[in-house]
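Here is the structure we will look at.
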Protein chains: 2
Amino acid sequence: MLSFTEENYIKAIYHLSDAGQLAVSTNDIALHLQTKAATVTDMIKKLANKDLLAYEKYYGVSLSKKGKNNALSIVRKHRLWETFLVEKLGFQWDEVHEVAEQLEHIQSNLLIEKLDAFLGHPETDPHGHPIPDKNGKVKQIKQFSLSQGKNGHKYIVSEVKDGSATFLQYLAKHDLYPGVTIQIKEILPFDGSMVVQLQNKQKVTLSKATSEKILIKSNE
Amino acid sequence: MLSFTEENYIKAIYHLSDAGQLAVSTNDIALHLQTKAATVTDMIKKLANKDLLAYEKYYGVSLSKKGKNNALSIVRKHRLWETFLVEKLGFQWDEVHEVAEQLEHIQSNLLIEKLDAFLGHPETDPHGHPIPDKNGKVKQIKQFSLSQGKNGHKYIVSEVKDGSATFLQYLAKHDLYPGVTIQIKEILPFDGSMVVQLQNKQKVTLSKATSEKILIKSNE
DNA sequence: ATAAAAGTTTAGATTAATCTAAAAAAAGAA
DNA sequence: TTCTTTTTTTAGATTAATCTAAACTTTTAT
């Protein structure tokens, strides 16, 4: 069984490697976990000894199959807890992250399976991130950035790529959540900002920077 | 903020001292926490420095006001989580303890207040233990042991004094939970065992040892 | 191609929580 | 009361996770 700290390293590496695709550098991990490179070197040696990752001196690490499975289990727990906090306890979606960071380390398969059932086996969390299933399978949705959407077309918001409280609060104010249907009404050529209409007919103007951080999927 | 370990010591001392009434010995704490007396001595020195308890060498410890408040907050969290696990996730009442031992250490006031509201501000957990309120106030119920009940009288089961899985499973099999109304039908003079009738008219014979571990309160 | 910069590792310490073994104090028994 | 037993504390180590400073590798720039 992994310690709290080991789990955090595995999760960080998973995210930084884009779900285990690419190798991750010592400094990236240190930055992400707000710790020092020397500390990271020590820890990745330990994780390498446990066969959770492959480590080549000076060339970073990449997760093993076992490491990826561990990461997926932690991500699953994190996202189920976030869903619980928002759907059942009424948290704002910008308030959930820190608490879920703690809850994801609770060790109990029974708990997580019962929580999953209680939530109705959700496929995505409140930010639109897919929740890995019990076996670590992640359902991939065909999605792309809102900035690539076409004028006049309707889409469903599927995910937001920025978890900062200010950004999430901004979106919340304009009722932009995963699951919401939007239609692109206008794309301004000079700065790439766009006007989108919500279900309730309200229109919002989004800067290019913002529309790049919102992912959408086709309207079926 | 207290560490996981510090919280466990404070909670153990709280329970062993009967809610902070009496002093607790080093050995009792070591036994309860499955650790060594030397370790306990070190830790209580640390907790004494933080003004969580009063420590007199060779004469044990007693919780300070601050220590008691901390303990009550942990107990509150533990019991709210147990209630959640049983009421919302469908855990059996003998399965909840270990998981609640982990959940009680999650740090978030918002979480615990929202959980409390979600559960409808329960006054007792599934074992009938009172849940301290936000301010640490514990509602005391006038209760006594079933073994002291009178023949023919009706009572409500209010608490069970043994948390072992086997005992709880035994009670569950006979539908004996806090909140259930029972009537004493017969008390056998030679061994003190008694026959009680449940709401559904079923009768169960309980040994003296068992009836001593079940607490009851008056039927209003 | 080589020197400077950036990134990484090693060496040596530190802190929290734990342990064993030995010393000291308190409690119980003769 | 004095000796034995039990309980508690102290001393000295250990492990996990962290740090700083120095050494070493790789990358970048001139």
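Note that the structure is predicted; figures quoted are calculated from it, not measured. Below, read A as the first sequence line, B as the second, and so on, with proteins coming before strands; counting in each chain starts at 1.
- Contact of the B:L146 side chain with the B:L215 side chain is not registered, since no non-hydrogen atoms from C-beta on lie closer than 4.5 Å.
- OP1 or OP2 of C:dT8 sits under 4.0 Å from a side-chain N or O of A:S25.
- A:T39 comes within 4.0 angstrom of a base, heavy atoms only.
- Residue-level contact check: A:Y55 touches the backbone only, with heavy atoms under 4.0 Å from sugar-phosphate atoms and none from bases.
- No side-chain donor-acceptor contact under 3.5 Å links B:Q107 and A:Q102.
- Centroid-to-centroid, the aromatic rings of B:Y9 and B:Y14 stay 6.0 Å apart or farther.
- Among the atoms of the strands shown, only primed sugar atoms or phosphate atoms (P, OP1, OP2) are found under 4.0 Å from some heavy atom of A:Y9.
- The side chain to side chain donor-acceptor pair (under 3.5 Å) search around B:S207 returns B:T210, not counting sequence neighbours.
- Residues from residues 31-38 of chain B with heavy atoms under 4.0 angstrom of DNA chain C, sorted by number: B:T35, B:K36, B:A38.
- Here C:dA16 presents its P atom at 13 Å from CG of B:L2, a figure rounded to the nearest Å.
- A:T41 comes within contact range of at least one nucleobase, with a heavy-atom separation under 4.0 Å.
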Could you pull out every donor-acceptor pair under 3.5 Å between side chains of residues 23-45 of chain A and any protein atom, sequence neighbours left out?
{"unit_1": "A:S25", "atom_1": "OG", "unit_2": "A:D28", "atom_2": "N", "d": "3.1"}
{"unit_1": "A:T41", "atom_1": "OG1", "unit_2": "A:A37", "atom_2": "O", "d": "3.2"}

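- With sequence neighbours left out, A:D94 forms a side chain to side chain donor-acceptor pair (under 3.5 Å) with A:Q169.
- Because its NZ or CZ atom is both nearer than 6.0 Å to the ring centre of B:F167 and within 45° of the ring axis, B:K213 counts as a cation-pi partner of that residue.
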For residues 116-129 of chain A, please give each side-chain donor-acceptor pair under 3.5 Å, one per line with the distance, not counting sequence neighbours.
{"unit_1": "A:D116", "atom_1": "OD2", "unit_2": "A:R76", "atom_2": "NH2", "d": "3.3"}
{"unit_1": "A:D116", "atom_1": "OD2", "unit_2": "A:H121", "atom_2": "ND1", "d": "2.8"}
{"unit_1": "A:E123", "atom_1": "OE2", "unit_2": "A:K139", "atom_2": "NZ", "d": "3.1"}
{"unit_1": "A:D125", "atom_1": "OD1", "unit_2": "A:H127", "atom_2": "N", "d": "2.7"}
{"unit_1": "A:D125", "atom_1": "OD1", "unit_2": "A:G128", "atom_2": "N", "d": "3.0"}
{"unit_1": "A:D125", "atom_1": "OD1", "unit_2": "A:H129", "atom_2": "N", "d": "3.0"}
{"unit_1": "A:D125", "atom_1": "OD2", "unit_2": "A:H129", "atom_2": "ND1", "d": "3.3"}
{"unit_1": "A:H127", "atom_1": "ND1", "unit_2": "A:E82", "atom_2": "OE1", "d": "3.0"}
{"unit_1": "A:H127", "atom_1": "NE2", "unit_2": "A:W93", "atom_2": "O", "d": "3.4"}

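- Residues A:L53 and A:S64 form no side-chain contact, since every pair of their non-hydrogen atoms from C-beta on lies 4.5 Å or further apart.
- Whole-Å rounding puts the B:E6 CD to C:dA16 C1' distance at 9 Å.
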Could you pull out the protein-nucleic contacts involving nucleotides 22-29 of chain C (nitrogen or oxygen on both sides, under 3.5 Å)?
{"unit_1": "C:dA25", "atom_1": "O4'", "unit_2": "B:Y58", "atom_2": "OH", "d": "3.3"}

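- Proximity of A:T5 to the phosphate of D:dA16: no side-chain N or O atom is located under 4.0 Å from OP1 or OP2.
- For the OP1/OP2 pair of C:dA6 and a distance below 4.0 Å, the side-chain nitrogens and oxygens of A:N27 include no atom meeting the criterion.
- Rounded to whole angstrom, the span from the CD atom of A:E56 across to the P atom of D:dT26 amounts to 10 Å.
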